[in-house]
Amino acid sequence: SMSPEMMELMLELARLRQRQASAQQETRAADEGLKDGTARQQRADAIGKRQEEMRQKLEELAGKLPPQVAPMAGAIGEAMGDAAEGLRQGDLGEKTTGAQAAAVELLTQLLMNPGMGSAGAGAMMMAMMGGGPSGSSDGGNASQQESAVEGADGGGKTGEVPTGFRGGDRTAGGSSTDWPPEYREALEGFFQGASGEER
């Protein structure tokens, strides 16, 4: 059975994944909804600040990962860093949301990885957070409570949810074929490495 430390770590990772999925949805909604350049940059800065906090949180959790899955943290951190950088530059478009989608998907793969001890536990925690392993999430209560708790910029409060935020046709994860090639390579490389051979 899993150690309490491992359960705690998985819970933290599932929470981080939920926050990342919410940030991706917010970025996409801002891209679709905001036309004014100043408003776009302000929203990008606000989401970018949270994106950077998520990257730092990941770094803190990475040190606690089992050695066989630790390399994945590098790819997740890179995707999060690319998203934060894009947001700093005011980019709310596909390049930024692609990096965010990759981070969500890589976190999903990490939580489902046998090296974490129990894929079942990972799936259960993701379901509890309100986004299934597919990466789809309706941006429900978890993200709203979270932004209230974190004193975020108000994007999560009900009544202010931008139109298209809950668009069920577009899941938060997106198809991995839409990702920039470097994330696809990271993921494929990880799957080959995870099948048990020691490097």
Can any side-chain N or O of Thr108 pair as donor or acceptor with the backbone N or O of Val104 at less than 3.5 Å? yes

Run the side-chain contact (heavy atoms from CB on, under 4.5 Å) check on Met80 and Leu107 step by step: do they pass? CA-CA 11 Å; Met80 287 181 164; Leu107 279 163; 3.9 Å; yes

Residues that Glu85 engages under side chain to side chain contact (heavy atoms under 4.5 Å, CB included), provided they are two or more places apart: Arg88, Gln89

How close do Asp31 and Gly93 get, heavy atom to heavy atom, and via which atoms? OD2-CA, 3.9 Å

Are Leu61 and Met7 co-members of a hydrophobic cluster defined by side-chain heavy atoms under 4.5 Å apart? yes

Are any non-hydrogen side-chain atoms of Leu11 and Met128 less than 4.5 angstrom apart? yes

Rounded distance (nearest 0.5 Å) linking atom CD1 of Ile76 with atom CG of Leu106: 5.5 Å

Could you go through Thr38 and Gln42, starting from their C-alpha distance and side-chain angles, then the distance that decides it, and tell me whether this counts as side-chain contact (heavy atoms from CB on, under 4.5 Å)? CA-CA 6 Å; Thr38 310; Gln42 283 173 344; 4.2 Å; yes

If you round to the nearest 0.5 Å, how far is CZ of Arg15 from CE of Met129? 5.0 Å

Identify, with sequence neighbours excluded, every residue that meets salt bridge (Lys or Arg N to Asp or Glu O under 4.0 Å) alongside Glu59. Arg55

Is there a side-chain contact between Leu87 and Leu92 (heavy atoms, below 4.5 Å)? yes

Hey, could you give me the CZ/NZ distance between Arg40 and Lys35, rounded to the nearest 0.5 Å? 6.5 Å

Below 4.0 angstrom, N of the basic side chain to O of the carboxylate: do Glu8 and Lys64 qualify? no

I need the Met112 CE to Met10 CE distance, nearest 0.5 Å. 9.0 Å

For the residue pair Gln51 and Ala84, what are the closest heavy atoms and their distance? CG-N, 3.5 Å

Quick one: list whatever passes side chain to side chain donor-acceptor pair (under 3.5 Å) with Thr27, sequence neighbours left out. Gln100

How close do Gln68 and Gly115 get, counting heavy atoms only, and between which atoms? NE2-O, 3.5 Å

Work out which heavy atom in Leu34 is nearest to a heavy atom in Arg43; give both atom names and the distance. CD1-CB, 3.7 Å

dist Gln20:CD -> Leu13:CG (nearest 0.5 Å) comes out at 12.5 Å

Could you list the residues that satisfy side chain to side chain donor-acceptor pair (under 3.5 Å) with Gln41, not counting sequence neighbours? Asp45

Here the gap from Met54 atom CE to Ile47 atom CD1, rounded to the nearest 0.5 Å, amounts to 9.0 Å

Identify the two heavy atoms, one from Ala83 and one from Ala99, that lie closest to each other, and give their separation to 0.1 Å. N-CB, 3.9 Å

Asp91: salt bridge (Lys or Arg N to Asp or Glu O under 4.0 Å) partners, not counting sequence neighbours: none

Please identify each residue that fulfils salt bridge (Lys or Arg N to Asp or Glu O under 4.0 Å) with Glu60, with sequence neighbours left out. Lys57

Looking at every non-hydrogen atom in both residues, tell me the closest pair between Ala73 and Leu65 and how far apart they are. CB-CD1, 3.8 Å

